Peer 1: 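This is the structure, below, for whatever I ask next.
Everything quoted here is computed from the prediction, not taken from an experiment. Every heavy atom of this structure was used, including side-chain atoms; hydrogens, water molecules and symmetry mates were not.
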Amino acid sequence: MAISFSPSALFTTTAAAAATTTTTATPPLNKPHLPIRSTTKLQLPNLTTTAITLAAATIIATSTIPPSIAAESYATYYGTAASAANYGGYGGNSDKKASAEYIYDIPEGWKERLVSKVEKGTNGTDSEFYNPKKRTEKEYLTFLGGLRQLAPKEVVLNNLALSDVNLQDLIASADSVTSEETKDEKGQVYYVYEVDSAAAHSLISVTCAKNKLYAHFVMAPAAEWKKDQETLKHIHESFKTIG
């Protein structure tokens, strides 16, 4: 007896089986995504919190920098530019602040070198301060009476060097010498020089007032200039005549 098979029945059964397989395979594919999404969401707040913490730490660290930079403090020196005869307060000039003709800043810890009457009378040195840790790092002022106005910049610098051997040597070995003319708020003219050599560096400010020429010098060895130039520039720029 022959048994007949219906092709449509076979096709339907196969299709149904395929459909069943597809339906059953779908849930396992979706399940692994659930914990991954959950983990990602949990990590985002941590990353954000870390970023905020780092940013806050940076702000706090930055806000503490200015006090350390500004830790350098200065005192103001009042110079009288008195003649050798009145040196040391004689002749009624004991109150320096009241009779001061110029001022400049002195870094904390720097020491004053007492200027002798001979120096004052020969090269016009009026005051000098130095760094006790690096004695060749210093600032000083010289003056010369009987001058109402500044000569040309080159002439002034050459004349200053005539009475200052160290300045002569520095200029002779200089890699560069620059000069400029500036004016303060009152219109007073200042000559500013910068002398740079392999051995040392110098900043010089020169002006005329009260029939006198004032020259303020800041000098340092090249190695110290690189380390302390912010302080050295500050004291250079602090010089001015008063009264």
Peer 1: Test Glu194 against every option in Val218, Leu203, Val177 by the side-chain contact (heavy atoms from CB on, under 4.5 Å) rule and name the one that passes.
Peer 2: Leu203

Peer 1: Would you confirm whether Glu180, through its side chain, and Val192, through its main-chain N or O, come within 3.5 Å as a donor-acceptor pair?
Peer 2: no

Peer 1: Between Trp110 and Glu137, what is the shortest heavy-atom contact and its length?
Peer 2: CZ2-OE1, 3.7 Å

Peer 1: Any side-chain heavy-atom pair from Ile242 and Tyr78 closer than 4.5 angstrom?
Peer 2: yes

Peer 1: Inspect the contact between Lys212 and Glu101 and indicate whether a charged nitrogen and a carboxylate oxygen are less than 4.0 angstrom apart.
Peer 2: yes

Peer 1: So do the side chains of Glu128 and Glu112 get within less than 4.5 Å of each other, counting heavy atoms only?
Peer 2: no

Peer 1: What closest approach, in Å, do Ala198 and Asp175 show between heavy atoms, and which atom pair accounts for it?
Peer 2: N-OD2, 3.4 Å

Peer 1: Answer yes if the side chains of Ser205 and Tyr214 hold a donor-acceptor pair under 3.5 Å, and no otherwise.
Peer 2: no

Peer 1: A quick test of your reading: do over 12 heavy atoms of other residues, nucleotides or ligands sit less than 6.0 Å from NZ of Lys210?
Peer 2: yes

Peer 1: Between Val115 and Leu144, is there a shared hydrophobic cluster once you connect ILVMFWY residues whose side-chain heavy atoms come closer than 4.5 Å?
Peer 2: no

Peer 1: Can any side-chain N or O of Asp164 pair as donor or acceptor with the backbone N or O of Leu160 at less than 3.5 Å?
Peer 2: no

Peer 1: So, Thr125 versus Glu119: side-chain donor-acceptor pair below 3.5 Å or not?
Peer 2: no

Peer 1: Does Lys120 come within less than 4.0 Å of Asp126, counting only side-chain N to carboxylate O?
Peer 2: yes

Peer 1: Within 45 degrees of the axis of the six-membered ring of Tyr130 and under 6.0 Å from its centre: does Arg135 put its NZ or CZ there?
Peer 2: yes

Peer 1: What distance do Thr207 atom OG1 and Leu147 atom CG have between them, rounded to the nearest 0.5 Å?
Peer 2: 11.5 Å

Peer 1: Can you give me the closest heavy-atom contact between Val206 and Ala215, atom names plus distance?
Peer 2: CG2-CB, 4.1 Å

Peer 1: Taking the side chain as every heavy atom from C-beta outward, state whether Leu141 and Phe217 have any pair of such atoms under 4.5 Å apart.
Peer 2: no

Peer 1: Answer yes if Leu157 and Met219 sit in the same cluster of Ile, Leu, Val, Met, Phe, Trp and Tyr residues linked by side chain heavy atoms under 4.5 Å apart, and no otherwise.
Peer 2: yes

Peer 1: Check for me whether Lys153 meets the cation-pi criterion with Tyr191, that is, NZ or CZ under 6.0 Å from the six-membered ring centre and within 45 degrees of the ring axis.
Peer 2: yes

Peer 1: Over all heavy atoms of both residues, which pair between Leu150 and Cys208 is shortest? Give the atoms and the distance, please.
Peer 2: CD2-SG, 3.7 Å

Peer 1: Return the minimal non-hydrogen interatomic distance between Thr80 and Ser99, and the atom names on each side.
Peer 2: CG2-OG, 3.5 Å

Peer 1: Around atom CD of Gln149, are there more than 12 heavy atoms from other residues, nucleotides or ligands closer than 6.0 Å?
Peer 2: no

Peer 1: Roughly how far, to the nearest 0.5 Å, is NE2 of His201 from CG of Asp196?
Peer 2: 5.0 Å

Peer 1: First locate atom CD of Glu139, then atom OG1 of Thr231, and finally report the distance between them rounded to the nearest 0.5 Å.
Peer 2: 11.0 Å

Peer 1: When the aromatic ring centroids of Phe129 and Tyr77 are compared, is their separation below 6.0 Å?
Peer 2: yes

Peer 1: Between Ile106 and Ile235, is any pair of side-chain heavy atoms under 4.5 Å apart?
Peer 2: no

Peer 1: Closest approach of Asp184 and Tyr190, non-hydrogen atoms and distance?
Peer 2: OD2-CE1, 3.7 Å

Peer 1: Does the side chain of Thr241 come under 3.5 Å of the side chain of Gln188 through a donor N or O and an acceptor N or O?
Peer 2: yes

Peer 1: If you count every heavy atom of other residues, nucleotides or ligands that lies below 6.0 Å from Lys134 atom NZ, does the total exceed 12?
Peer 2: yes

Peer 1: Using 30° and 60° as the class boundaries, would you call the ring planes of Tyr104 and His216 parallel, tilted or perpendicular?
Peer 2: tilted

Peer 1: Do Phe239 and Tyr140 share a hydrophobic cluster, counting only Ile, Leu, Val, Met, Phe, Trp and Tyr and linking them when any side-chain heavy atoms are less than 4.5 Å apart?
Peer 2: no

Peer 1: Between atom CG of Leu170 and atom OG of Ser202, what is the distance when rounded to the nearest 0.5 Å?
Peer 2: 5.5 Å

Peer 1: Measure the OG-CH2 distance between Ser197 and Trp225 for me, rounded to the nearest 0.5 Å.
Peer 2: 12.0 Å

Peer 1: Quick one: NE2 on His236 to CD1 on Ile204, what's the gap to the nearest 0.5 Å?
Peer 2: 9.0 Å

